[in-house]
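Below: one structure, written as structure tokens.
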Amino acid sequence: MKKILILLSIVQLVACRQTTQTTKTEGLSVNVPVFSSDSAYNYIKTQVDFGPRVPNTTEHKKCADYLVQTLKRFGAEVIEQKTDLIAFDGTVLHSTNIIGVFNPESANRVLLCAHWDTRPWSDHDPEPANYNKPVLGANDGASGVGVLLEVARQIGISQPTVGIDIIFFDAEDYGAPQNYQGNSNDSWCLGSQYWSRNPHKKNYNPRFGILLDMVGAPDATFYMEQYSVYYASPIVKKVWEKALKLGFGQYFIQEKCGAITDDHLYVNRITGIPCINIIQYNPNSNKGFGEYWHTINDTMENIDKNTLNAVGTTVLNVVYGEK
Ligand code: AHN
Ligand code: ZN
């Protein structure tokens, strides 16, 4: 009997857990869904469990199908933008940008994005024997997508005022290795370069974009990245202020760092949509990124629910604060 009572009270506790939070923005109260870092973590693990998601592999294909299905399950209209992209070394990459559209009728829109592919080489591994092994990409790839899948799930439950487009870019991480002797111009971010020249909708004009890249490591720090500040300073200000207000100042550092070539650069340059990058930057590492970066150690052990929560909660509050 005692056991049943305990069980009952646990069920009740779970049932009563808050699903929205009221926050005040400029005098207006808005209901913002509560971000579940458990869900985000599971969405990351599911991707990682496929294995490395390197273009032209079956793991890559299986993961694409999972992402499409999941976005559909959350109520998005999904567009699979398939194209062959030519890598720096001539490899033809059968690529798919996966686009989830919520509330397609709304003219007021926000773009959220992350890359979903993983790098074919661990060329920053301390052990040269690992250079030719693919990166598992728990953080570099899966983390941004996992956070955005949880954002998508919440949007499916209760729509924000603005329409949301979630884009999972392919072929971000096929950039030329550092020691490559040939032409390596614009070798990164091939999926976002393609999408930027071929947006999924004519006259697509969201208010702004937010890119998430490597948003899951324990104690990650997110600095105000230079291209983001150059192209989209008011959005950087909006996001970093929101994070600070929510109590995530230890993650969102109110300082600038250098310029980082990433998907947002091409979105800004080619489309003119102001787009920021929330990306882990470590000023004390000579890589600039986490020690796991482009090594065989980019695994689930480097994923921390507190960091996912900081990023996911901030993004949800920004999105639901848009009127
Ligand atoms: C460069 O290494 C030039 N940019 C980092 C882009 C990146 C790779 N993000 C994740 N993997
Ligand atoms: Zn990478």
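Keep in mind that the numbers below use all heavy atoms, side chains included, and drop hydrogens, waters and symmetry copies. Note that ligands are numbered from 1 as they come in the structure, with each ligand's atoms numbered from 1 the same way. Quick caveat: nothing in here was measured; it's all calculated off a predicted structure.
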Students often mix this up, so state it plainly: with edges at 30° and 60°, are the rings of [X] and [Y] parallel, tilted or perpendicular?
X: Tyr204; Y: Trp195; result: perpendicular
X: Phe88; Y: Trp121; result: perpendicular
X: His264; Y: Tyr227; result: perpendicular

How far is atom 7 (C) of ligand 1 from its nearest protein heavy atom, and which residue and atom name does that atom have? Glu172 OE2, 3.0 Å
Numbered atoms of ligand 1 (with element) below 4.0 Å of [X], judged on heavy atoms:
X: Asp140; result: 10 (C), 11 (N)
X: Trp188; result: 8 (C)
X: Trp293; result: 2 (O), 11 (N)

Qualifying residue for side-chain hydrogen bond (donor to acceptor under 3.5 Å, both in side chains) with His60, from Asp170, Asp117, Thr96: Asp170
Looking only at heavy atoms, is any part of Arg119 under 4.0 Å from ligand 1, and if so is it the side chain, the backbone, or both, or is it neither? neither
Decide whether an N or O pair under 3.5 Å exists between Asp173 and ligand 1. yes
Would you say Asp213 and ligand 1 have an N/O pair spaced under 3.5 Å apart?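 Min N/O separation from ligand 1 is below 3.5 Å for Asp213.
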Using a 3.5 Å distance criterion without hydrogens, assess whether the side chain of Arg119 forms a donor-acceptor pair with backbone atoms of Val54.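 No, because the side chain of Arg119 does not come within donor-acceptor range (under 3.5 Å) of the backbone of Val54.
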Could you grab the protein N, O or S atoms closer than 2.8 Å to the Zn ion (ligand 2) for me? Asp140 OD2, Asp173 OD1, Asp173 OD2, His294 NE2
Answer yes if the side chains of Asn203 and Asn205 hold a donor-acceptor pair under 3.5 Å, and no otherwise. no
Do Asn302 and Asn139 have side-chain atoms, one donor and one acceptor, less than 3.5 Å apart? no
Check this for me, if you would: do Lys133 and Glu127 make a salt bridge, where the nitrogen-to-carboxylate-oxygen distance has to be below 4.0 angstrom? no
Can you tell whether the side chains of Arg153 and Glu150 come within less than 4.0 Å, N to carboxylate O?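 Yes, this pair counts.
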Counting only heavy atoms, tell me which of Leu265, Asp298, Thr261, Val135 gets closest to atom 5 (C) of ligand 1.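 Among Leu265, Asp298, Thr261, Val135, the closest heavy atom to atom 5 (C) of ligand 1 belongs to Thr261.
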Does some side-chain heavy atom of Trp116 sit less than 4.5 Å from a side-chain heavy atom of Cys63?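 The answer is yes; the side chains approach within 4.5 Å.
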